[in-house]
Amino acid sequence: MARFLTNREENYSQWYNDLVIKADLAENSAVRGCMVIKPYGYAIWEKMQAELDRMFKATGHVNAYFPLFIPKSFFSREAAHVEGFAKECAVVTHYRLKHSPDGSGIIVDPDARLEEELIVRPTSETIIWSTYKDWIQSYRDLPLLINQWANVVRWEMRTRLFLRTTEFLWQEGHTAHATMEEAKEEALRMLGVYSDFVENFMGVPVVRGVKTESEKFAGAIDTYTIEALMQDGKALQGGTSHFLGQNFAKAFDVKFTNREGKLDYVWATSWGVTTRLIGALVMAHADNNGLVLPPKLAPIQVVIVPIYKGNEQLDAISAIALELKAGLEKAGLTVKYDDRDTQKPGFKFAEYELKGVPVRLAIGPRDAEEGTVEVARRDTLTKETIARAGIVEHITALMDEIQHNIYRKALAFREQNTYSCDTWEEFCDIIENRGGFVMAHWDGTPETEEQIKNLTKATVRALPFDNPDEEGRCILTGKPSHRRVLFARAY
RNA sequence: CGGGGUAUAGCGCAGUCCGGUUAGCGCAUCUGGUUUGGGACCAGAGGGCCGCAAGUUCGAAUCUUGCUACCCCGACCA
């Protein structure tokens with residue numbers, strides 16, 4: 001079977017690329033660095049969106065939409081922000097085309113140069129905070145809890161489907177608060193929403209923590225992050241939530257009158273997750289047979305495949321299958337009955353495995369006669385024949401079991417590949433030969449962080465919230481440290 | 001932006017060194033038939049500006065020059 005996919009153990013990144021394309025999630029487009037998200041991949045994104053959107057609303061947020069374009073001058077208002085994003089911006093300089101004088105085609109009309117260039121948003125803090133200035137006057141206007149679903153553009157040098165594309169889809173929350181405490185609380189709350197989503201819906205365990213100075217968001221005071229471990233031992237940042245302090249309020253002069261009647265700058269947060277999560281979903285669970293989707297995000301949760309000879313048998317089996325489908329749908333499951341006559345059962349089995357459908361039911365003449373159905377699990381690749389009576393309850397329970405099993409498996413993998421390490425030799429050995437998360441002491445300086453990165457390609461992924469205080473010595477410099485941090489090579 | 005590579009059917013490739021009938025192969029597609037409990041088989045068919053442009057030549061996928069695009073490795077990054 002593996003002959004249809006590159007073997008995961010032989011070439012992980014090729015395997016990933018093949019899988020994304022063969023499972024019909026996405027493909028490269030005619031535009032450099034930009035992908036086409038195909039219907040099956042987009043269906044997963046829609047499921048993610050629906051759940052996240054529900055979570056955002058349950059925590060008091062509302063959706064709005066801001067422009068794709070940002071006037072260049074807005075960008076320079078926050079110094080660290082412009083510094084961080086300037087090198088990867090797409091810029092609109094003209095607004096018109098015309099036929100070339102020599103008739104050879106269409107050219108940019110040099111007379112149509114914009115007075116002020118527009119930046120295609122790489123993130124929307126600047127346009128949003130320039131708008132918030134007009135929306136906020138008093139503490140009564142706060143908190144302002146807004147989310148936007150949008151596309152953004154970051155002109156990256158090298159791209160990979162879902163993991164890093166020039167244009168990508170995301171949501172970005174931008175909130176404004178009267179106090180520092182409230183803004184910090186909000187940033188942490190949203191990090192909690194993200195980790196809840198990634199762990200309980202995607203089935204991917206995460207480490208929560210704060211980013212170092214060099215890794216934090218351009219313009220933030222603190223960046224909180226969730227870090228997940230992929231099957232090749234590399235870390236993937238799953239989502240970030242930023243405490244922005246008063247940086248953007250000061251840059252855009254957003255002041256409010258507080259309860260004491262005094263003017264103060266507003267406190268801010270922003271937070272986002274992207275279509276990159278689809279890449280994480282693939283890299284965390286999939287195997288050499290294809291995707292393994294968690295039931296809670298699978299576009300198709302159950303597929304029914306009929307096995308038959310001739311129309312007569314097909315009719316009899318279809319009657320059973322459609323009744324079963326109706327029963328499962330009534331229980332809230334998304335079911336597909338694949339009665340295509342153009343493909344054989346074996347082909348369909350392999351195809352739905354490739355696409356990661358959690359449960360496959362097969363019904364043949366034997367099952368029709370004996371009142372049974374063959375139930376195959378994608379996560380374990382096991383099959384059992386069970387009675388049709390009570391099948392809906394069985395499948396419903398199985399969905400939960402699969403959801404949990406996928407998470408347990410990923411968690412076990414992460415635990416097996418998380419090392420606590422105290423010497424430089426051991427550190428290099430693990431990073432180079434085994435991969436995974438390494439909890440080690442670091443002296444806290446950007447210089448040492450940089451040096452470790454240059455020597456090993458490993459970076460500090462986070463200062464984990466859950467790591468206990470512990471006296472130790474930096475693995476590189478030997479200087480004192482009070483807590484272990486999370487190192488890994490990362491995507 | 002540095003270093004390396006590739007461009008031939010929808011996809012993956014051979015042919016290019018050493019120019020020569022009608023440019024092949026596998027997969028996919030279409031037609032007909034037999035099949036259907038783990039990626040079926042047989043027979044037939046369609047599909048090409050050989051990346052673009054110029055040059056050399058009786059003759060160019062093949063040689064020369066220029067251009068363009070894409071991929072890989074680095075620096076940048078969710």
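Reminder, nothing fancy here: chain letters follow the sequence lines and each chain counts from 1. All values derive from a computational prediction rather than experimental measurement.
Listed by first and then second residue, the side-chain hydrogen bond (donor to acceptor under 3.5 Å, both in side chains) pairs that reach into residues 77-92 of chain A come to none, sequence neighbours excluded.
Counting non-hydrogen atoms under 4.0 angstrom, A/Phe168 reaches a base of the nucleic acid. Backbone-only contact: A/Gln237 has heavy atoms under 4.0 Å from sugar-phosphate atoms and none from a base. Using a 4.0 Å heavy-atom cutoff across all strands shown, A/Leu236 reaches no nucleic acid atom at all.
A cation-pi arrangement, defined by a distance under 6.0 Å to the six-membered ring centre and an angle within 45 degrees of its axis, is absent between A/Lys325 and A/Tyr337.
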Under 3.5 Å, which protein N or O atoms sit close to an N or O of nucleotides 68-72 of chain B? Give each pair with its distance.
none

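Of all the residues in residues 292-316 of chain A, A/Ile307, A/Tyr308, A/Lys309 reach under 4.0 Å from RNA chain B with at least one non-hydrogen atom.
For A/Lys234, the salt bridge (charged side-chain N to carboxylate O under 4.0 Å, His left out) test picks out no residue, with sequence neighbours left out. Here A/Asp287 pairs with A/Arg378 under the salt bridge (charged side-chain N to carboxylate O under 4.0 Å, His left out) rule; sequence neighbours left out.
Pairing analysis of RNA chain B (Watson-Crick: purine N1 to pyrimidine N3 plus N6-O4 or O6-N4; G-U wobble: N1-O2 and O6-N3; both under 3.5 Å) yields stems of 3 or more pairs at B:1-7 with B:68-74, B:10-13 with B:24-27, B:29-34 with B:40-45, B:51-55 with B:63-67.
Between B/G39 and B/U22, the distance separating the two C1' atoms is 36 Å to the nearest Å. Here, B/G15 and B/U62 have their P atoms 15 Å apart, quoted to the whole Å.
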